[in-house]
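Here's the structure we're looking at; comments come further down.
Just so it is clear, the values below take in all heavy atoms, side chains as well, and ignore hydrogens, waters and symmetry mates.
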Amino acid sequence: MTSPFRTPYALFRTVAFAEAITWTLLLLGMIGKYAAGLDWAVTVAGSIHGFVFLSYAVTVVLVGVNQRWSLGTVALGVLTAVVPYATVPFEVVMHRRGRLEGEWRREASDHPADGNVVNRLLRWFLARPVLLTVIAAVGVIAVFSALLVVGPPGGKEA
């Protein structure tokens with residue numbers, strides 16, 4: 001089995017589809033809550049969806065920097081996670097346009113952007129994939145935990 005981290009496309013596709021699947025879980029949880037009184041269903045599905053949502057946002061930024069997407073494209077990619085199932089068409093469009101092609105940029109090229117701080121950091125972290133994964137996971141867990149403390153969107157009664 002190939003790793004979802006092997007190429008930017010493989011990682012992006014995996015996380016974009018996972019985000020769409022968790023939308024299904026959340027919608028099913030909402031149906032369970034309002035049709036059968038299963039309040040826990042939204043709590044469980046919402047937590048899973050929230051964690052994957054944050055992971056998708058991190059993935060969009062990582063892949064976007066690697067693929068040299070504009071800030072607007074990165075922002076649009078993150079915003080697609082807000083609309084149910086929109087991450088899948090975004091992935092399809094980006095793939096068809098060739099915006100997900102290629103490998104991870106571990107070496108500097110002649111491209112002018114390769115000298116900036118963000119791209120140097122990207123290459124440094126790509127040379128240390130375990131560290132990158134740990135830092136990304138800790139960041140997602142920290143934000144997720146902070147959001148759990150704040151509470152669900154719309155408050156506890158939503």
Side-chain angles (χ1 to χ4, degrees), residues 1-34 38-95 99-100 102 104-106 117-158:
M1 183 173 162
T2 39
S3 165
F5 302 103
R6 188 177 48 82
T7 65
Y9 172 64
L11 174 63
F12 193 83
R13 181 179 174 96
T14 300
V15 180
F17 275 87
E19 207 281 336
I21 289 167
T22 65
W23 262 114
T24 302
L25 293 176
L26 180 57
L27 294 172
L28 289 172
M30 291 171 68
I31 291 168
K33 176 180 179 174
Y34 295 109
L38 303 173
D39 292 348
W40 61 266
V42 170
T43 301
V44 171
S47 295
I48 294 168
H49 174 68
F51 190 84
V52 175
F53 174 95
L54 294 171
S55 299
Y56 175 78
V58 169
T59 300
V60 169
V61 172
L62 179 67
V63 171
V65 171
N66 188 78
Q67 300 302 104
R68 296 188 177 108
W69 294 350
S70 69
L71 186 58
T73 302
V74 171
L76 177 62
V78 171
L79 287 174
T80 62
V82 176
V83 178
Y85 305 107
T87 58
V88 174
F90 182 76
E91 179 272 324
V92 169
V93 167
M94 296 305 280
H95 179 62
R99 305 296 307 275
L100 291 167
W104 292 107
R105 292 188 303 111
R106 291 182 173 93
V117 172
V118 172
N119 282 279
R120 286 195 314 257
L121 273 171
L122 172 73
R123 289 191 305 275
W124 189 86
F125 276 113
L126 288 174
R128 296 155 184 85
V130 173
L131 179 62
L132 173 60
T133 303
V134 168
I135 289 175
V138 167
V140 168
I141 290 167
V143 171
F144 181 75
S145 298
L147 291 172
L148 284 177
V149 170
V150 171
K156 298 226 184 262
E157 298 303 314

Of all heavy-atom pairs between [X] and [Y], which one has the smallest distance, and what is that distance?
{"X": "Pro8", "Y": "Gly102", "answer": "CD-O, 3.3 Å"}
{"X": "Ala16", "Y": "Thr87", "answer": "O-OG1, 2.8 Å"}
{"X": "Thr22", "Y": "His49", "answer": "OG1-ND1, 2.8 Å"}
{"X": "Arg99", "Y": "Ser70", "answer": "NH2-N, 4.3 Å"}

Under 3.5 Å donor-acceptor pairs involving side-chain atoms of residues 127-135, not counting sequence neighbours:
{"from": "Arg128", "atom 1": "NH1", "to": "Trp124", "atom 2": "O", "distance (Å)": "2.7"}
{"from": "Thr133", "atom 1": "OG1", "to": "Pro129", "atom 2": "O", "distance (Å)": "2.8"}

Side chains of residues 138-151: which donor-acceptor pairs under 3.5 Å do they make with residues two or more places apart or in other chains?
{"from": "Ser145", "atom 1": "OG", "to": "Ile141", "atom 2": "O", "distance (Å)": "2.8"}

Gap separating the CD atom of Glu19 from the OG1 atom of Thr24, nearest 0.5 angstrom = 9.5 Å
What's the spacing between Leu26 CG and Lys33 NZ if we round to 0.5 Å?
-> 10.5 Å
Side chain to side chain donor-acceptor pair (under 3.5 Å) involving [X] - partner list, sequence neighbours excluded:
{"X": "Thr43", "answer": "none"}
{"X": "Trp69", "answer": "none"}
{"X": "Asn119", "answer": "Arg105, Asn116"}

Hey, does [Y] have a side-chain heavy atom less than 4.5 Å from the side chain of [X]?
{"X": "Gln67", "Y": "Phe12", "answer": "no"}
{"X": "Phe90", "Y": "Tyr85", "answer": "no"}
{"X": "Glu91", "Y": "Tyr9", "answer": "yes"}

Any sub-3.5 Å donor-acceptor pair from Trp104's side-chain atoms to Arg123's backbone N or O?
-> no
Without placing hydrogens or testing angles, list every side-chain donor-acceptor pair under 3.5 Å for residues 56-64, not counting sequence neighbours.
{"from": "Tyr56", "atom 1": "OH", "to": "Gly77", "atom 2": "O", "distance (Å)": "3.1"}
{"from": "Tyr56", "atom 1": "OH", "to": "Thr80", "atom 2": "OG1", "distance (Å)": "3.0"}
{"from": "Thr59", "atom 1": "OG1", "to": "Ser55", "atom 2": "O", "distance (Å)": "2.8"}

Could you give me the CA-CA distance, side-chain angles and deciding distance for Arg13 and Leu100, then say whether side-chain contact (heavy atoms from CB on, under 4.5 Å) is met?
-> CA-CA 9 Å; Arg13 181 179 174 96; Leu100 291 167; over 6 Å; no
Checking side chain to side chain contact (heavy atoms under 4.5 Å, CB included) against Asn66, which of Leu11, Leu122, Thr7 comes through?
-> Leu122
